[in-house]
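So the structure is just underneath, and the comments pick up after that.
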There are 2 protein chains.
Amino acid sequence: MSRQKLTKIRTDLLARLVELGYRVTPQRELLLSALGQADKHLSAETLLERVRAVYPRVNKSVVYRNLELLAQLGLISCMDFGQGHVEYEVHHHPHHHHLVCRNCRAMLEIDGDAFADIQRQLLERYGFAAEMDHLALFGLCRKCREKMPVQISHHPHSL
Amino acid sequence: MSRQKLTKIRTDLLARLVELGYRVTPQRELLLSALGQADKHLSAETLLERVRAVYPRVNKSVVYRNLELLAQLGLISCMDFGQGHVEYEVHHHPHHHHLVCRNCRAMLEIDGDAFADIQRQLLERYGFAAEMDHLALFGLCRKCREKMPVQISHHPHSL
DNA sequence: GATATAATTGCAACTAGTTGCAAATAGAAC
DNA sequence: GTTCTATTTGCAACTAGTTGCAATTATATC
Ligand SMILES: [Mn+2]
Ligand SMILES: [Mn+2]
Ligand SMILES: [Zn+2]
Ligand SMILES: [Zn+2]
């Protein structure tokens, strides 16, 4: 991704915040920069580190509060990939989803419209408009499924 | 649910633990009782309270560690319904999933095989065996969708 | 029933994230 | 540029959950 593009993400998000009546603060600019420059999902802690690399006095509560705000506004997506913390990423098109292997932790990215059928069904049957922007499904990837047809237990006894 | 049935859940889970080489402790019996008697998903904190109602000296780390163990073994399912904490429930058949309204927090329970098609597709296309035992999808329920066709913002300015 | 020992628990210290509130400041109005 | 004020930040105290380790105990063996 070009430098040009990265700056654009930040600028667009800031513009959107201003549109909605929010203020442009140095803290927000730094956070949006960090989000815009990321090439993958990042944790709040990592984002705080990157923000502090530029301006060390930024408080963690500000980062957490702004991530919550951005998520609420649908500008970023957040997701727990089973690592004990939530990860954030700028929410851009086209959409995508993730298949996460419980065994090797590999993440397979799949097309955003993979769940279009089921989305339509849920709307028809239950009147429920499901958000299908950015999902994570857990399971076993091909490699791990072939490697271990029998489920291993985590208990010492069975090692 | 009858008293008979409730006790059976606890007994079955304990038996399964013994089979796998784990020990039966008073703490585990109490936790499994609490899980077996629950008529809905419960948080770790609530479960700890219920365990302590019988035996106040049980430590919270024991409850958290055992919940993690039971989940790992697939005996309970855990899920974040967007309330800031994970909720647990005994994992029994037939399976079910949840549709959670972001607006009114209503939870609609749907059939366990609702995702069978997509599960098959993911296996065929990507070789990925997705766990489709107990999913939660977020979105807008019928009522909320009809009540508010325009997305409300959470910003004070727009109130 | 006594003994041995690996699994389990309780404890205390720790970490990640949240919250209430006073101080600072972005942006609007003049 | 000054003034005003609602938003935003920094801070400090708090909460939920985790971790390492020593003490306890469930179970296997005798
Ligand atoms: Mn993603
Ligand atoms: Mn459920
Ligand atoms: Zn794998
Ligand atoms: Zn609703």
Side-chain angles (χ1 to χ4, degrees), chain A residues 13-32 42-52 54-73 76 78-88 153-159, chain B residues 13-32 42-52 54-73 76 78-88 153-159:
Chain A
L13 290 177
L14 281 173
R16 186 84 190 100
L17 282 181
V18 170
E19 257 176 54
L20 293 166
Y22 295 92
R23 293 179 178 178
V24 176
T25 65
Q27 292 88 340
R28 281 182 178 158
E29 290 188 283
L30 288 167
L31 178 59
L32 291 175
L42 295 179
S43 68
E45 216 184 341
T46 305
L47 286 165
L48 178 59
E49 275 169 27
R50 297 201 180 178
V51 165
R52 282 186 168 162
V54 183
Y55 182 42
R57 302 186 46 199
V58 175
N59 195 270
K60 65 177 170 174
S61 63
V62 169
V63 166
Y64 283 107
R65 281 196 272 232
N66 277 307
L67 287 172
E68 196 191 349
L69 171 68
L70 293 165
Q72 246 175 21
L73 297 174
I76 62 175
C78 51
M79 180 117 295
D80 181 353
F81 293 104
Q83 298 160 306
H85 61 254
V86 171
E87 292 191 341
Y88 301 86
S153 163
H154 298 267
H155 192 247
H157 281 191
S158 49
L159 291 178
Chain B
L13 289 176
L14 281 174
R16 185 84 190 99
L17 282 181
V18 170
E19 257 177 54
L20 293 165
Y22 295 92
R23 293 178 179 179
V24 176
T25 65
Q27 293 87 339
R28 280 181 179 158
E29 291 189 282
L30 288 167
L31 178 59
L32 292 174
L42 295 179
S43 69
E45 218 185 338
T46 304
L47 286 164
L48 179 59
E49 275 169 26
R50 298 202 178 177
V51 165
R52 281 185 168 164
V54 183
Y55 182 39
R57 300 186 47 199
V58 176
N59 195 270
K60 63 177 172 177
S61 64
V62 170
V63 165
Y64 282 107
R65 281 194 273 231
N66 277 307
L67 286 172
E68 195 190 350
L69 172 68
L70 292 165
Q72 245 175 24
L73 297 174
I76 61 174
C78 51
M79 180 117 295
D80 181 353
F81 293 103
Q83 298 159 305
H85 61 255
V86 172
E87 293 191 339
Y88 302 86
S153 163
H154 298 268
H155 192 246
H157 281 193
S158 48
L159 290 180

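Chain letters run A, B, ... following the sequence lines, proteins first and then strands; every chain starts at 1.
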Self-check item: 5' priority, DNA chain C, between A:Tyr64 and B:Val62 [closest heavy atom]
Solution: B:Val62
[atom1] of [X] versus [atom2] of [N]: gap in Å, rounded?
{"X": "B:Leu47", "N": "D:dA16", "atom1": "CG", "atom2": "P", "result": "14 Å"}
{"X": "B:His85", "N": "D:dT18", "atom1": "NE2", "atom2": "C1'", "result": "18 Å"}
{"X": "A:Leu20", "N": "D:dT8", "atom1": "CG", "atom2": "C1'", "result": "16 Å"}
{"X": "B:Tyr55", "N": "C:dG10", "atom1": "OH", "atom2": "P", "result": "6 Å"}

Exercise. Ignoring hydrogens and angles, tell me if any N or O in the side chain of A:Arg28 forms a donor-acceptor pair with the backbone of A:Asn66 under 3.5 Å.
Key: no
Practice problem: Report, as a single string ordered 5' to 3', how protein heavy atoms within less than 4.0 Å touch nucleotides 19-30 of chain C: B base, S sugar-phosphate only, - not at all. | Solution: BBB---BBS---
Flag side-chain contact, heavy atom, 4.5 Å: [X] against [Y]:
{"X": "A:Tyr22", "Y": "A:Leu69", "result": "yes"}
{"X": "B:Leu42", "Y": "B:Tyr88", "result": "no"}
{"X": "A:Val18", "Y": "A:Val24", "result": "yes"}
{"X": "A:Leu14", "Y": "A:Glu29", "result": "yes"}

Self-check item: Estimated bend of the helix from C:dG1-D:dC30 to C:dC30-D:dG1 (axis per five terminal pairs, rounded to 10 degrees)
Solution: 40°
Quiz prompt | A:Arg28 side-chain proximity, nearest of D:dT8, C:dA16, C:dC11 | solution = D:dT8
Quiz prompt | Set of residues satisfying side-chain hydrogen bond (donor to acceptor under 3.5 Å, both in side chains) with respect to A:Arg65, sequence neighbours excluded | solution = A:Ser61
Practice problem: Would you please test A:Val62 and A:Leu31 for side chain to side chain contact (heavy atoms under 4.5 Å, CB included) and show each step? | Solution: CA-CA 10 Å; A:Val62 169; A:Leu31 178 59; over 6 Å; no
Quiz item: To the nearest 0.5 Å, how far apart are CG in A:Leu48 and CG in A:Asn59?
Solution: 8.0 Å
